[in-house]
A.B. asks: 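Take a look at the following structure, please.
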Amino acid sequence: MPKLSSFRAKKESAPASELGAHPSEGATTILHVDMDAFFVSVELLERPELRGKPVVVGGQPGQRGVVSAASYEARRYGIQSAMPLRTAGRLCPHAVFLEPRHERYSEWSDRIAAILARFSPRVEMASVDEAYLDLAGTERLLGHPLAAAHRLRREIWEKTNLPSSIGLARTRLVAKVASDQAKPAGLLWIPAGSEATFLALLSVRKIPGIGKVTEAALNGLGIETVAQLAALPRQRLEDTFGRWGSALYRKARGDDTYEFLDDAEAKSISHHHTFSEDVDDISMIETTLSHLCQKAAKRLRDAGLYAGTVTLTLRYAGFETITRARTLPAPTNLDQDVQRVTRELLARHRDPKRRVRLVGVSLTSISHGETQLELLDPARREKLEKLARASDQLRERFGFEKLQLGGSMRKPSRR
Amino acid sequence: MVGRRAELPFLPLLLEFHSLYCYCGLYLLLEKGYSTAVAASTAVAQARGNQEMEFTVSKADLLRELSLTQGVVERKTTIPILANILCEAKGSRLAITATDLELTICTSCDVKTKKDGSGTVSAKKLLEIIRLLPDSDIRFKLLENHWVQITSDKRNYKMVGMAKENFPALPAMPHVFARLPAALIADMIAKTYFAISMEESRYTLNGAKLILKPDSITLVATDGHRLALVEATQKVDGLNTEAGVLVPKKAMNELKALAAEAGDEAQIEFAQDESNLFFRIGERQLISRKLTGQFPNYEAVLPRDNTKSVGIDRDELADALRRVSQLADQRSQAVKVTLSKEGVEISASSPEYGEAREVIEREYKGADLSIGFNAKYMLDFLAAAPQGPISLELKDEQSAGQMRPSAEEGTRYRYVIMPMRI
């Protein structure tokens with residue numbers, strides 16, 4: 001199931017698996033699987049009549065908010081993710097605008113994660129609709145990684161009817177760029193040694209990690225393509241960008257060892273929910289929070305991690321946002337612990353006179369869970385852990401929504 | 001009781017509102033009882049005609065007493081008066097009171113009073129000014145609108161004050177229940193304080209259990225992961241039954257400070273009513289709201305058959321733990337303690353920092369055992385334990401370990417610590 005940091009060197013075997021995380025020269029074993037227009041594709045499963053039409057997920061064009069996903073047909077009109085809905089409505093007034101249903105998307109995401117898990121023990125769900133896999137050591141079982149990638153893409157399609165694109169390369173960075181280039185519904189293999197050729201003509205913006213700011217700075221230096229970036233001496237980049245400069249130097253070569261070891265480790269897990277209308281009903285806020293807590297705690301357990309700090313985020317109508325954190329006496333991965341702390345934080349810090357627009361819970365101080373045993377009621381934790389294991393199994397079979405703590409039984413209205 | 005009235009002149013005024021404070025609780029006091037309390041006490045005050053106040057005090061005396069109140073004054077309070085201290089001058093004494101409604105400290109010092117009376121000013125600002133003033137006499141005078149004038153030679157300050165009637169009324173101390181040696185109590189607090197839970201939701205663990213018997217005093221604290229118990233053989237004056245109370249963490253800290261200030265021979269007079277604990281040391285008094293609830297049955301978790309034991313010098317063990325834990329996981333502070341015929345091995349590792357291993361050679365004849373502990377928990381105990389050998393007593397990797405000073409004199413000190421799964 002979704003692994004948060006499978007690539008990270010585990011404690012006991014730190015030096016060995018670090019070597020393992022450095023793919024040896026010539027081995028292209030890293031897959032980046034990216035679902036095509038994921039939210040739209042999920043909606044189309046239930047409304048096949050919309051296939052071939054411009055579809056936008058995010059909300060109605062009159063509403064505030066942004067585009068979460070757009071079908072390829074809608075993209076032809078210039079609609080992009082993160083664009084204000086109003087703008088999208090202007091660009092393509094006859095597009096079908098749908099409300100996002102995040103619970104559905106995460107259900108399908110879980111199903112895809114289950115398929116991915118059959119191809120490699122090292123799966124990292126980078127987000128709800130993309131994942132990295134390391135196929136190293138699976139050749140005997142699955143054959144050449146290219147064949148395995150092909151089969152994986154087909155299997156996702158057959159099992160879910162959802163299109164995906166896959167990049168296969170020596171590093172995560174190149175694999176991600178490749179899957180982007182393969183879209184829609186494609187598979188692109190960048191054999192080892194040809195990374196530079198592949199990247200050369202792309203715009204620097206295509207490199208993960210290079211955003212608007214870096215792009216503008218590079219353009220200022222007269223650099224637009226990756227080839228031009230790769231031609232810059234390391235010293236020059238470091239002088240201009242500092243530490244980020246040496247990362248850029250490596251990125252331009254398709255090399256991301258640095259990013260691999262540092263960024264693969266989950267630093268936090270958070271789940272947020274924006275209410276479709278601002279609410280002041282405490283029970284609505286509490287049930288939503290309870291739901292988010294369970295999701296976050298399950299992700300912790302899936303990744304074999306524990307959290308030491310729980311943070312509550314509250315955004316009031318009018319966008320003022322408060323975050324309140326509490327450090328736990330001992331790290332936990334239990335729904336009940338996370339829920340109890342967020343409830344206390346909510347009770348203490350919420351201004352009951354104001355309407356709430358968004359609630360969220362973040363888990364930080366992530367560790368591999370050297371668990372402190374309980375002195376006073378040692379059976380309690382054991383029972384809760386058993387319960388968590390059993391409920392996780394049920395959720396994996398029947399979907400996350402099917403099993404909930406009592407605290408989240410009053411589901412918030414979804415639209 | 002009557003005798004106290006004479007010594008602490010503000011108490012009679014407060015007595016009237018004793019029950020109000022006790023039973024209404026903060027909320028009610030603020031929402032309903034407040035105006036009643038203010039109206040009533042204003043009437044009393046006016047009847048006494050003490051709307052004046054003027055006295056002279058030495059800087060050293062005042063600074064010492066003010067410092068003792070600082071732990072109690074609320075820094076971030078929603079009730080402005082709680083950021084103030086109450087000064088009441090009568091005869092040759094100045095009474096100083098600070099409260100956060102949970103905890104109250106009343107203290108006093110000698111003054112030369114010109115006019116009896118009282119006022120309230122910001123505790124923090126007053127302390128800072130007094131601290132910064134040179135050693136000399138300082139004159140206080142109540143002005144109009146509750147302002148207080150402070151003068152030292154040519155230095156002149158006027159501080160904004162609030163009506164003293166707004167200051168919460170305090171409960172009166174009931175009859176003294178037991179007398180406890182202050183130095184012993186301070187030592188016992190130091191040995192248990194660190195094990196009190198910080199987790200607010202486990203409020204019965206937010207304090208230590210004080211058990212008084214005619215011939216012993218026991219103090220126990222736990223946070224659910226470790227437990228510190230100290231039991232002193234000591235005849236308790238004035239006690240002929242057994243009594244147990246929960247003392248809140250903050251009160252313990254203040255009590256320790258008061259006890260330390262009072263010197264070796266001082267006695268703590270202890271009393272309680274339905275909702276408060278009272279500790280009086282000489283002229284100073286600490287009043288704490290009681291923690292309600294059931295303290296866990298600590299007897300049940302004390303290990304009985306931890307037969308795998310080894311003795312290590314306190315400082316040697318502490319030094320090794322401090323070094324090894326440098327490379328432990330920074331959050332969990334997990335270290336592994338391994339007993340074998342080689343002795344005691346302490347090790348730790350983390351992917352970020354590396355690994356550490358130290359062996360302390362000691363004779364150990366039992367079966368090999370490897371157990372994980374939070375290094376901080378062990379170090380907390382070692383910092384509180386007396387110098388000399390410490391006995392580490394284990395059973396298996398799942399069960400609570402016990403640490404204690406190998407040599408015991410009159411005081412039984414036990415530290416029970418649950419292992420970590422690593």
Side-chain angles (χ1 to χ4, degrees), chain A residues 5 7-18 21 261-262 264-265 267 304-310 324 326-333 336-345 347-349 351 363-382 385, chain B residues 195-206 220-228 294-298 300-303 327-336 348-355 371-377 396-402 415-422:
Chain A
S5 61
F7 283 102
R8 180 185 186 265
K10 265 283 192 179
K11 200 171 167 179
E12 303 76 36
S13 53
S17 65
E18 253 174 44
L261 289 175
D262 263 356
E265 169 75 328
K267 299 252 169 30
L305 297 175
Y306 291 74
T309 306
V310 176
R324 294 291 180 270
R326 182 171 309 158
T327 299
L328 306 173
T332 186
N333 63 0
Q336 288 84 353
D337 288 346
V338 176
Q339 180 180 307
R340 182 169 44 74
V341 174
T342 46
R343 282 216 171 172
E344 280 167 23
L345 290 171
R348 170 173 293 206
H349 297 292
D351 178 353
L363 305 176
T364 49
S365 306
I366 303 283
S367 68
H368 283 273
E370 290 82 1
T371 324
Q372 173 67 53
L373 301 177
E374 294 285 330
L375 180 65
L376 299 174
D377 189 5
R380 173 191 168 264
R381 174 163 284 272
E382 212 170 291
E385 279 173 1
Chain B
I196 299 175
S197 176
M198 303 278 282
E199 210 182 342
E200 288 169 43
S201 60
R202 311 180 79 169
Y203 60 89
T204 57
L205 303 185
N206 293 161
V220 199
T222 178
D223 62 4
H225 296 151
R226 39 41 188 291
L227 176 145
Q294 194 69 41
F295 194 76
N297 178 8
Y298 66 92
V301 303
L302 296 177
L327 299 186
D329 180 89
Q330 291 305 288
R331 276 184 279 273
S332 71
Q333 289 288 305
V335 296
K336 196 150 92 181
S349 70
S350 63
E352 291 91 347
Y353 300 108
E355 47 189 68
I371 185 167
F373 283 120
N374 181 329
K376 184 184 172 296
Y377 288 175
D396 56 47
E397 59 185 21
Q398 304 287 331
S399 310
Q402 177 168 276
Y415 189 56
V416 181
I417 169 171
M418 267 317 263
M420 300 185 85
R421 216 156 41 199
I422 55 173

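Everything numeric here is computed off the predicted structure, so don't read it as measured data. In what follows, chains carry the letters A, B, and so on, assigned in the order in which the sequence lines appear, proteins first and then strands, with residues in each chain numbered from 1.
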A.B. asks: With a 4.5 angstrom heavy-atom cut-off, could you sort out which part of B:Tyr377 is near chain A: side chain, backbone, both or neither?
C.D. replies: side chain

A.B. asks: Can you tell which part of A:Glu374 gets under 4.5 Å to a heavy atom of chain B, answering side chain, backbone, both or neither?
C.D. replies: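 Both backbone and side chain.
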
A.B. asks: Look at A:Glu385 together with B:Arg421 and state whether they make a salt bridge at an N to O cut-off of under 4.0 Å.
C.D. replies: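 Yes.
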
A.B. asks: Which heavy-atom pair separates A:Leu373 from B:His225 by the least distance, and what is that distance?
C.D. replies: O-CD2, 3.8 Å

A.B. asks: Suppose we screen for ring-ring contact (aromatic ring centres under 6.0 Å, His included). Which residues come up paired with B:Tyr415, at least two apart in sequence or across chains?
C.D. replies: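 Per chain and number, B:Tyr415 pairs via ring-ring contact (aromatic ring centres under 6.0 Å, His included) with B:Phe194, B:Phe381.
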
A.B. asks: Using heavy-atom distances under 4.5 Å, tell me whether B:Leu205 contacts chain A through its side chain, its backbone, both, or neither.
C.D. replies: side chain

A.B. asks: Please look at B:Thr222 and chain A and tell me whether the side chain, the backbone, both or neither of the residue comes under 4.5 angstrom of a heavy atom of that chain.
C.D. replies: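 Side chain only.
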
A.B. asks: Measure the spacing between CG of B:Asp223 and CD of A:Gln372 and express it to the nearest 0.5 Å.
C.D. replies: 8.0 Å

A.B. asks: Which atoms of B:Gln330 are under 4.5 Å from chain A, going by heavy atoms: the side chain, the backbone, both sets, or neither?
C.D. replies: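 Answer is neither: B:Gln330 stays 4.5 Å or more from chain A.
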
A.B. asks: Going by the rule side chain to side chain donor-acceptor pair (under 3.5 Å), which residues pair with A:Asp351 if we only count those two or more places apart in sequence or in a different chain?
C.D. replies: none

A.B. asks: Minimum heavy-atom separation for B:Pro296 to A:Leu376, with atom names?
C.D. replies: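 Distance-wise, the nearest heavy atoms are CG-CD1, 3.7 Å.
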
